[in-house]
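These notes are about the structure you will find just below.
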Protein chains: 2
Amino acid sequence: MDKEKYEEFDKIFHPDNVAVIGASPVSDIASLALMSTKIRDRVYFVNPKYSEIFGRKCYPSILNVPVPIDYVIFGINARFVPDVLAECIQKGVKTAHIYTSGFSETGLPEGIELEKKLKQVAKGKIRLIGPNCFGIYCPESGLAIIPESSEEKGNVGVITQSGSIAESFSYFGKTKNLRFSKVISYGNASDFDCPDFLEYLADDAQTKVIALYIEGSSNGERLKRALRYATNRKPVVAIKGGLTEHGSRVATSHTASMTGTPQIWKSLFKQCGVVQVNNQDELVNAVMAFSYLNLPKGNRVSILSNSGGFSVIQTDLCYAEGIEVPRFTDGTIEQLRKLVPLAGTIIGNPLDAWPVYYKIYEKEGNLADIIGILGSDKNIDMLVVQFDQFRYIRRARQSEAGEHTRTLIEVMLKGMEYVRDVVGKPVIACVVIDPFLEDEEDRKYNLMMKHAFERRNFPVYPTLDAGIKAISKLYKYAARSTSNRRNVA
Amino acid sequence: MDKEKYEEFDKIFHPDNVAVIGASPVSDIASLALMSTKIRDRVYFVNPKYSEIFGRKCYPSILNVPVPIDYVIFGINARFVPDVLAECIQKGVKTAHIYTSGFSETGLPEGIELEKKLKQVAKGKIRLIGPNCFGIYCPESGLAIIPESSEEKGNVGVITQSGSIAESFSYFGKTKNLRFSKVISYGNASDFDCPDFLEYLADDAQTKVIALYIEGSSNGERLKRALRYATNRKPVVAIKGGLTEHGSRVATSHTASMTGTPQIWKSLFKQCGVVQVNNQDELVNAVMAFSYLNLPKGNRVSILSNSGGFSVIQTDLCYAEGIEVPRFTDGTIEQLRKLVPLAGTIIGNPLDAWPVYYKIYEKEGNLADIIGILGSDKNIDMLVVQFDQFRYIRRARQSEAGEHTRTLIEVMLKGMEYVRDVVGKPVIACVVIDPFLEDEEDRKYNLMMKHAFERRNFPVYPTLDAGIKAISKLYKYAARSTSNRRNVA
């Protein structure tokens with residue numbers, strides 16, 4: 001990408017003034033979103049139906065707005081878009097995000113025709129994002145697509161052909177402790193397309209990992225080059241939507257994409273070193289790992305567990321995901337035998353050792369030491385710490401359960417930070433919360449633990465499955481990078 | 001199973017009087033659990049260390065208890081169990097649940113020896129459940145393994161070699177709207193083993209579906225017979241723990257099981273018609289489907305969605321799970337076109353139609369009608385209704401979002417009940433809640449919808465993935481039953 005193009009993009013993500021065309025005091029998510037961030041004082045509303053919106057003057061036309069506008073958001077009926085776009089060109093607007101649907105994705109002749117017209121009007125005069133998309137969320141500048149997203153910036157870039165996936169990232173980012181550099185929903189890709197954004201985020205110093213949702217592409221060669229360009233610089237984790245013939249049928253109705261066969265995409269992703277995932281949860285979970293963790297040296301984990309049955313199932317799961325749960329060295333076993341009671345436990349890997357969640361007050365040989373030992377074994381590359389224990393603690397400690405848990409959190413963190421920062425291995429935590437749980441005390445202490453771990457920059461997963469699948473992607477990427485380096489050397 | 005044996009089992013699940021040996025006022029989950037149910041007045045505590053527990057007299061020995069005791073729970077150190085068991089025999093106790101760990105599962109000579117001794121003492125004189133297990137939860141009688149479980153009885157039977165899996169079912173049953181006939185954690189299976197319980201639940205009129213977690217068996221032929229016996233009578237959904245060599249290594253440490261190769265188990269389950277699942281979530285989700293739904297006539301679903309991107313991913317997911325998402329008939333499409341706005345929607349299957357969540361006040365052509373149409377298409381065997389929409393409604397309706405959602409729930413239920421009760425097809429709901437969500441208003445209305453659907457006996461899943469995987473198991477079982485019936489005819 002050349003310098004000029006980067007400058008064009010920088011301006012798109014950091015506009016001076018923004019206008020919403022078709023702004024409305026009701027059901028206008030775009031305006032609500034912009035009014036919720038620091039960009040609010042540089043937002044202008046356009047709609048001949050209103051004289052005022054959110055206590056601000058509303059202009060009948062973009063041509064009446066008294067300041068220069070870099071970036072407009074179209075929220076008007078599709079059939080009016082081309083004409084109003086011409087006014088934007090007259091105004092000197094550089095980029096238009098066409099929120100509106102009703103173009104080629106309808107599959108109807110009038111929609112296809114309308115999109116053709118849109119392109120003709122825009123060509124060489126204004127750049128387009130969309131149509132049929134949520135546009136851009138850039139916490140640094142204040143561009144936003146929903147009113148609830150965080151204003152903190154972060155290191156995750158998202159490029160998605162689906163608006164709901166952009167919305168979902170924006171909404172659940174806070175919940176997952178994910179923070180974003182840029183989130184881009186690009187819809188039908190009438191002008192700017194996936195490869196443009198890939199190249200830009202590949203060179204964007206703020207973006208550490210790129211999450212991608214793509215249904216199809218009009219230029220396979222271009223996409224391949226952009227994917228390679230990006231994956232040579234940072235991890236790209238992607239969902240190909242429409243991997244089955246039938247999903248692909250739905251994708252065509254969704255964004256009018258030429259979707260290609262599943263084989264073509266699988267091989268494209270593999271050739272380019274894209275980490276492929278199957279659904280939104282897997283995408284989010286993998287991106288959390290890439291956002292927070294250093295790459296592991298290998299695929300061998302140790303697991304702190306609190307159940308024999310679950311240890312068995314989890315070990316099976318790890319192997320299914322290409323993660324090893326090796327035996328500990330004799331030295332590690334010997335150390336653990338000194339610290340972990342025998343009855344009801346399994347001194348091995350996973351360490352199924354519920355009594356250790358109660359051994360937290362002892363000066364020597366407490367849970368912090370045990371976690372340190374689990375992470376120090378020479379056969380181990382990563383550590384997984386699991387907590388699904390508050391209700392057990394409550395049964396045992398009753399009114400002291402809360403205080404016990406607070407101490408437990410500090411003790412666990414001590415061990416986890418030792419493994420990450422001193423031993424130097426990636427550490428994840430799984431704090432199990434059932435989504436439908438209504439035991440508010442249980443939920444409260446689990447969330448307290450989650451926040452405490454997040455404050456020290458550990459990624460926290462709601463199930464062990466989610467965590468294991470995430471680090472398996474991390475390992476897969478690390479292994480490929482290592483083998484690439486070897487091939488180069 | 002003969003009549004005498006059934007009577008023996010009925011008595012185990014419905015004892016007249018119960019004693020806890022090694023009862024304690026602190027950290028004694030067994031006593032806490034029993035004191036939380038209607039059996040509390042028939043529970044007796046035994047421990048020479050205390051004269052009173054929970055305000056009740058505590059006896060120094062089982063021999064001092066002034067009433068006959070059918071069922072005892074052992075919570076004392078493993079090495080004292082054989083001698084105290086002899087006292088129980090003297091007292092005339094029929095069954096002992098050995099909660100205690102520290103037997104053959106330790107892999108140590110003294111543990112193996114102790115279990116041998118236990119068997120010798122018991123043989124022909126008293127029946128054993130365990131050792132190393134949580135025992136029995138039977139809401140009808142009041143036997144319980146944790147203090148938080150529901151006292152309502154239901155149609156799900158659980159047999160598990162892992163205590164934590166029994167605990168997890170008991171704890172999260174309420175959350176999942178699952179109610180149980182009997183939950184059995186049988187641990188090392190020194191006496192009663194999985195086949196005994198399988199046969200009993202197979203003929204238990206209160207049990208509609210059996211959930212099974214098994215790590216291994218000492219008598220493969222016996223297990224096979226019992227599995228066949230059970231699957232000929234009702235669905236059995238099972239996890240084999242230790243499916244990989246490594247998981248199997250952990251299983252051996254867990255319950256001293258002979259675990260067999262994954263191939264042997266896979267083929268055993270297949271031959272016997274067991275529905276195999278891979279983890280606890282899949283087990284719970286499948287059991288919810290079997291507990292609430294009639295069997296579908298085929299594998300074709302229609303999906304009410306609110307996102308194009310997710311519709312694409314979900315369609316891919318369905319095909320990966322052996323579920324079809326067929327095109328609707330022209331008639332259905334024509335009916336839908338009249339009711340669903342065109343822009344931003346996909347009129348097809350899945351129906352991606354977010355505007356319909358707002359079309360609920362219209363007398364004709366509201367969401368109830370649309371759901372009815374989705375379920376009535378002749379190409380469709382099951383209906384999946386999805387809701388992940390409250391935050392969108394809040395953005396659009398703001399202070400009226402709550403009221404809107406209450407109406408929406410009633411409208412959706414009207415359509416869902418029509419499809420289930422009039423058209424006669426299974427219907428599931430997916431009400432999406434992120435486990436870490438802390439937007440309490442969003443959570444509140446999603447939970448409100450969940451409870452409303454549950455009150456009308458629809459199974460509700462927290463993600464579409466979970467729901468689809470569950471009905472794929474339902475279909476798999478239905479298809480096998482149909483083909484069995486054909487083979488017989």
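Every chain is numbered from 1, with letters handed out A, B, ... down the list of sequences. As the structure is a prediction and not an experimental result, all values here were calculated from the model. All values below were derived from every heavy atom in this structure, side-chain atoms included, with hydrogens, water molecules and symmetry-related copies excluded.
In terms of non-hydrogen atom pairs under 4.5 Å with chain A, the most contact-rich of B/Thr160, B/Asn278, B/Asp442 is B/Asp442. Per-residue counts of heavy-atom pairs under 4.5 Å with chain B were compared for A/Ala33, A/Gly102, A/Pro147; the largest is that of A/Pro147. For the options A/Thr463, A/Asn446, A/Asp439, heavy-atom pairs under 4.5 Å to chain B are most numerous at A/Asp439. In terms of heavy-atom pairs under 4.5 Å with chain B, the best-connected choice from A/Ile146, A/Asn349, A/Val325 is A/Ile146. Comparing B/Glu440, B/Glu324, B/Gln398 by how many heavy-atom pairs each has under 4.5 Å with chain A, the most go to B/Glu440.
Both the backbone and the side chain of B/Leu437 come within less than 4.5 Å of a heavy atom in chain A. Neither the backbone nor the side chain of A/Phe103 comes within less than 4.5 Å of any heavy atom of chain B. If you measure heavy-atom distances from A/Glu148 to chain B, the contacts under 4.5 Å come from the side chain alone. Within the 4.5 angstrom heavy-atom criterion, atoms from both the backbone and the side chain of B/Arg327 approach chain A. Contacts of A/Ile165 with chain B are made by both backbone and side-chain atoms, with heavy-atom separations under 4.5 Å. Looking at A/Tyr461, the atoms closer than 4.5 Å to chain B (heavy atoms on both sides) all sit in the backbone: N, CA, C or O. When heavy atoms are compared at a cutoff of 4.5 Å, A/Arg391 approaches chain B by way of both its backbone and its side chain. Residue contact with chain B, scored on non-hydrogen atoms closer than 4.5 Å, involves the backbone and the side chain of A/Ser168 alike. The contact between B/Leu108 and chain A is made entirely by side chain atoms (from C-beta outward), counting heavy-atom distances below 4.5 Å. Contact annotation for A/Ile239: only side-chain heavy atoms (C-beta onward) come within less than 4.5 Å of a heavy atom of chain B.
Taking each heavy atom of A/Glu167 and B/Arg395 in turn, the nearest pair found is OE2-NH2, 2.6 Å. Scanning all heavy atoms of the two residues, the minimum distance from B/Gly309 to A/Ser162 falls at CA-OG, 3.4 Å. Annotation for A/Gly242 and B/Asp316: closest pair N-OD2, 2.8 Å, computed over non-hydrogen atoms. Listed here is the closest heavy atom pair of B/Ile433 and A/Pro435: O-CB, 3.2 Å. Of all the heavy atoms in B/Val460 and A/Phe436, the pair that sits closest is O-CE1, 3.5 Å.
To the nearest 0.5 angstrom, B/Tyr392 atom OH is 5.0 Å from A/Ser164 atom OG.
Every residue was checked against the side chain to side chain donor-acceptor pair (under 3.5 Å) condition with A/Asp281, not counting sequence neighbours, and none meets it.
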Item to check | B/Asp465/A/Asn279 under side chain to side chain contact (heavy atoms under 4.5 Å, CB included): CA gap, chis, key distance, verdict | outcome: CA-CA 9 Å; B/Asp465 292 27; A/Asn279 59 50; 3.1 Å; yes
Checklist entry - Does the pair A/Val312 and B/Tyr213 meet the rule for a side chain to side chain contact (heavy atoms under 4.5 Å, CB included), with working shown? => result CA-CA 11 Å; A/Val312 172; B/Tyr213 173 82; 3.4 Å; yes
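A salt bridge links B/Lys176 to A/Asp434: one of the charged nitrogens lies within less than 4.0 Å of a carboxylate oxygen. Using a 4.0 Å cut-off between a side-chain N of Lys or Arg and a carboxylate O of Asp or Glu, A/Lys174 and B/Glu438 do not qualify as a salt bridge.
Within the 4.5 Å cutoff, no side-chain heavy atoms of A/Gln314 are placed close to those of B/Gln280.
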